[in-house]
Amino acid sequence: MTPQDGSEACSILHVDMDAFYASVMLRDRPELRDEPVVIGGGHRGVILAANYPARRFGVRSGMSGRDALRLCPQAVRLSPDYRLFERVSSSVMETFRRVTPLVEAYSLDEAFLDVSGAGRRLGTPLQVAEWLRAQVFDEQQITCSVGVAGTVSVAKLASRRAKPDGVLVVTPERVVEYLHPLDVGELFGVGEKTRAKLLRIGLVTVGDVARIPLPTLQQMLGRASGAHLHQLAWGTDRSSLTPRRSDDDPERSMGAEETFSRDTADPAVISRELLRLSARVTSRMRAAGMTGRTVAIRIRYSDFTTLTRSHTLADPTDVTSLVHAEAFRLFEVLVAQAGQRRIRLVGVRVEGLRPRAGSERQLALGERERGWAEADRAVDLAGRRFGRGVVKPAALLSGDRP
DNA sequence: TCTGGGGTCCTAGGACCC
DNA sequence: TCTGGGGTCCTAGGACCC
């Protein structure tokens, strides 16, 4: 698109690392750089990232490891190193903040930047984008792509189109002509289901969606979703950022889930897994100083049907035994309703999080709960000092999973 | 060896209150 | 007494994203 980009109206950048997990893992394995490489995809797992040589075989992130290996048997499989990803991500975000404080970290490998104030120092948004790409490559030896536009969603679309290792500027006057020929599925927030729904009434392109009356769209997708999609189709979504760092963003819920290596219907095994997951979630909550009131479980059966059950407690908690007790109670109710079936995955999530300060529990039911809370803190302390998993609930000592 | 694990937001219906 | 509406909370499920 025309780089008529000195304008203030075109100053949102979306920066997206190219095949982030794979690129980072390959920094230490240069000999593999031109070979097909996938990250993740072990037993019952999916591909987290595939480098570009692997993508040439049709391998995509999200597909099962089995399918990936079928497409590309010679692919080298590496295990993800999340600590490394987080370190690299933080460094990259710091690089962004040297350009502007208006950085909205979207995920480990993506961020939005508002560079409207950086013009004088670093030039046009296009020049800023090129500077950032060069800087990231110098510092991290990984490439990224940048979309430049007047709104968040158009910038995001543009960066995808720029991949790999490129820049695309979509100026406001070119937005409609750029957007309208695209498949609706390209829009941010339009997934497989919504796309199929739109297709059923003959809406194929973004332009098709833009031209149908708003009430029709809202009737199909709901009030808020319909209005949002309409905005996306005209490229008129938000253009202001809320500066946010992924590491200090207060979360609204915290959860943990795990797929069993083999499906099981054994309540003892399920209960133990619920305890393990409850401990994992609540220790993260305590580390973050958060408590929550709603406990939710997720059960996925062998046939992949997935059910959730939740219950809101009278008082917020971060106590492992209370979360586990509620999780197991929800599970028993579910078994009573749905019967005993083989289970593939269980999950525990605590919602409605709020800071613990100011939400001190009353002691009406008192002493017992207080005792558990103190035990949890002792576990946390030992974990920090001697390593995670050194101290754990007695029920988890024997019968650890194979 | 079919389909992970971490999240967010929206919808819809019912309860309950004003 | 009847009728209606709005707002909020809770629960279950669905869709989507990285």
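Lettering follows sequence order; numbering is per chain, from 1.
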**Q** Check whether A:Tyr178 forms a cation-pi arrangement with A:Arg174 (NZ or CZ under 6.0 Å from the six-membered ring centre, at most 45° off the ring normal).
**A** no
**Q** Report each atom pair, protein N/O against N/O of nucleotides 6-8 of chain C, whose distance is under 3.5 angstrom.
**A**
none

**Q** Flag the pair A:Asp318 and A:Arg286 as a salt bridge only when some basic side-chain nitrogen lies within less than 4.0 angstrom of an acidic carboxylate oxygen.
**A** no
**Q** Would one find a side-chain N or O of A:Arg349 under 4.0 angstrom from OP1 or OP2 of B:dG5?
**A** no
**Q** Which is it for C:dC2, anti or syn, if anything within 90° of zero counts as syn?
**A** anti
**Q** Is it true that A:Glu139 and A:Thr95 share a donor-acceptor pair across their side chains at a distance under 3.5 Å?
**A** yes
**Q** Give the dot-bracket line for DNA chain B from 5' end to 3' end: parentheses for intra-strand Watson-Crick or G-U pairs under 3.5 Å, square brackets for crossings, | for inter-strand pairing, dots for unpaired.
**A** ....||||||||||||||
**Q** I need the residues from residues 185-213 of chain A with at least one non-hydrogen atom less than 4.0 Å from DNA chain C; give them sorted by number, or say none.
**A** A:Leu187, A:Phe188, A:Gly189, A:Val190, A:Gly191, A:Glu192, A:Lys193, A:Thr194
**Q** Taking C-beta and beyond as the side chain, do A:Ile299 and A:Leu345 meet within less than 4.5 Å on heavy atoms?
**A** no
**Q** Does the ring center of A:Trp372 lie less than 6.0 Å from the ring center of A:His324?
**A** no
**Q** Inspect the contact between A:Arg238 and A:Glu104 and indicate whether a charged nitrogen and a carboxylate oxygen are less than 4.0 angstrom apart.
**A** yes
**Q** In whole angstrom, give the distance that lies between atom CG of A:Leu307 and atom P of C:dG14.
**A** 8 Å
**Q** Is the shortest side-chain N/O distance from A:Arg70 to OP1 or OP2 of B:dC2 below 4.0 Å?
**A** no
**Q** For A:Gly41, answer base if it contacts any base atom (sugar-phosphate contacts may also be present), sugar-phosphate if it contacts only those atoms, and nothing otherwise; contact means non-hydrogen atoms under 4.0 Å.
**A** nothing
**Q** In this structure, how many angstroms lie between the P atom of B:dC10 and the CD atom of A:Gln231, rounded?
**A** 12 Å
**Q** Report yes if a side-chain nitrogen or oxygen of A:Ser64 is closer than 4.0 Å to either non-bridging phosphate oxygen (OP1 or OP2) of B:dT1; otherwise report no.
**A** no
